[in-house]
Novice: 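Can you keep this structure in mind? I'll have questions shortly.
Note that this is a predicted model, so its numbers are computed, not measured.
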Amino acid sequence: MGGSNLETRSLLDEIRSFDKGCSFDLGHPLLNRIAESFVKAAGIGAIQAVSREAYFTAIEGSGVDSSGLSSETSDAGRKRHRFPDLRGENNRKSLEALVKSTGKESLQWGLAAGMYSGLTYGLREARGAHDWKNSAVAGAITGMALALTTDDASHEQVVQCAITGAAISTAANLLTGIF
């Protein structure tokens, strides 16, 4: 081996050290929690957006729809395609559309995680308890905020996302002790 004492760390080691917290010190635990949740979820959102787009690009390139039908017989692939602007006139436009769309989705994931984390922390501090009620309120408010980030947010969609957010976060809170 060489005389160098450089420490080599894998991606998994980096993620584990990031998971331990203390990545941010913004002067208040609430701000630290929001920032850490935002950054973690935004990264996951970016990876998810790029991998989904790569999947649809590969499927379209192979001439087979994701349902198993050929592209000529089904337009379902185009309807499920999350970022239709990616088919630009040239590679530069496609790359710009990918970066813009990935950034938007990262922001949405980060907003949801940071907001939910901050709300549950704030409600726990205000009420003095961490229970399903805090999760339900935080999930509902986060669901509403997430629905408002879409291009065509309707009243019904906002209410549906609030109910869904409350239900998912309440179920997660209640199931935490079971598993």
Side-chain angles (χ1 to χ4, degrees), residues 15 18-19 21 23-24 26-60 66 75-89 92-127 130-176:
I15 291 171
F18 191 64
D19 221 13
S23 299
F24 294 97
L26 302 176
H28 193 276
L30 174 63
L31 296 176
N32 295 344
R33 185 175 178 142
I34 291 171
E36 286 183 24
S37 297
F38 181 91
V39 169
K40 288 177 185 179
I44 293 168
I47 292 168
Q48 191 263 346
V50 170
S51 63
R52 180 186 51 241
E53 199 53 44
Y55 167 77
F56 282 123
T57 301
I59 291 298
E60 287 174 2
S66 59
D75 288 333
R78 271 178 244 143
K79 291 178 184 173
R80 283 189 298 243
H81 212 283
R82 176 90 175 181
F83 306 129
D85 298 335
L86 286 182
R87 290 184 212 91
E89 296 173 8
R92 181 178 175 167
K93 282 190 175 184
S94 293
L95 183 61
E96 287 173 1
L98 177 67
V99 170
K100 181 179 176 183
S101 299
T102 302
K104 180 180 178 184
E105 190 150 340
S106 295
L107 187 64
Q108 287 175 327
W109 279 65
L111 168 76
M115 185 173 219
Y116 180 78
S117 181
L119 284 169
T120 55
Y121 178 86
L123 288 168
R124 182 182 67 219
E125 293 298 311
R127 292 185 62 234
H130 179 66
D131 57 6
W132 67 270
K133 296 172 190 173
N134 293 352
S135 296
V137 170
I141 293 172
T142 302
M144 287 188 306
L146 198 56
L148 292 172
T149 63
T150 61
D151 295 332
D152 56 347
S154 66
H155 177 270
E156 291 81 18
Q157 186 179 12
V158 171
V159 172
Q160 182 183 7
C161 287
I163 292 169
T164 303
I168 290 172
S169 61
T170 301
N173 182 280
L174 293 175
L175 294 174
T176 300

Novice: Treating T102 as the side-chain partner and V99 as the backbone partner, does any N or O pair qualify as donor plus acceptor under 3.5 Å?
Specialist: no
Novice: Rounded to the nearest 0.5 Å, how far apart are NZ of K133 and CG of N173?
Specialist: 11.5 Å
Novice: Measure across S135 and S169 and return the closest heavy-atom pair with its distance rounded to 0.1 Å.
Specialist: O-OG, 2.6 Å
Novice: For the CG atom of L26 and the CZ atom of R33, what is their distance to the nearest 0.5 Å?
Specialist: 14.0 Å
Novice: To the closest 0.5 Å, what do you measure between CD (E125) and CG (N134)?
Specialist: 10.5 Å
Novice: Quick one: do E105 and R52 make a salt bridge, cutoff under 4.0 Å?
Specialist: yes
Novice: For T120 versus A138, what's the shortest heavy-atom pair and its separation?
Specialist: CG2-CB, 3.6 Å
Novice: Does any N or O in the side chain of T170 come within less than 3.5 Å of the main-chain N or O of A167, such that one atom is a donor and the other an acceptor?
Specialist: no
Novice: Quick one: pull up CG in L107 and OG1 in T149 and give me the separation to the nearest 0.5 Å.
Specialist: 8.0 Å
Novice: Given 3.5 Å as the limit, does a donor-acceptor pair link the side chain of S106 with the main chain of G45, or not?
Specialist: no
Novice: Roughly how far, to the nearest 0.5 Å, is CG of L146 from CD of Q157?
Specialist: 9.5 Å
Novice: Is there a donor-acceptor pair closer than 3.5 Å between any side-chain N or O of S101 and the backbone N or O of L98?
Specialist: no
Novice: Does R127 have any salt bridge (Lys or Arg N to Asp or Glu O under 4.0 Å) partners at least two apart in sequence or in another chain, and if so, which?
Specialist: D131
Novice: Do any N or O atoms from the side chain of S117 and from the backbone of A113 form a donor-acceptor pair under 3.5 angstrom?
Specialist: no
Novice: Taking the side chain as C-beta and beyond, is there a heavy-atom pair between S37 and Y116 under 4.5 Å?
Specialist: no
Novice: Can you pull out every salt bridge (Lys or Arg N to Asp or Glu O under 4.0 Å) where at least one residue sits in residues 145-171? Sequence neighbours excluded, please.
Specialist: K104-D151
Novice: Any side-chain heavy-atom pair from M115 and F38 closer than 4.5 angstrom?
Specialist: no
Novice: Distance check, rounded to the nearest 0.5 Å: L119 atom CG versus I141 atom CD1?
Specialist: 5.0 Å
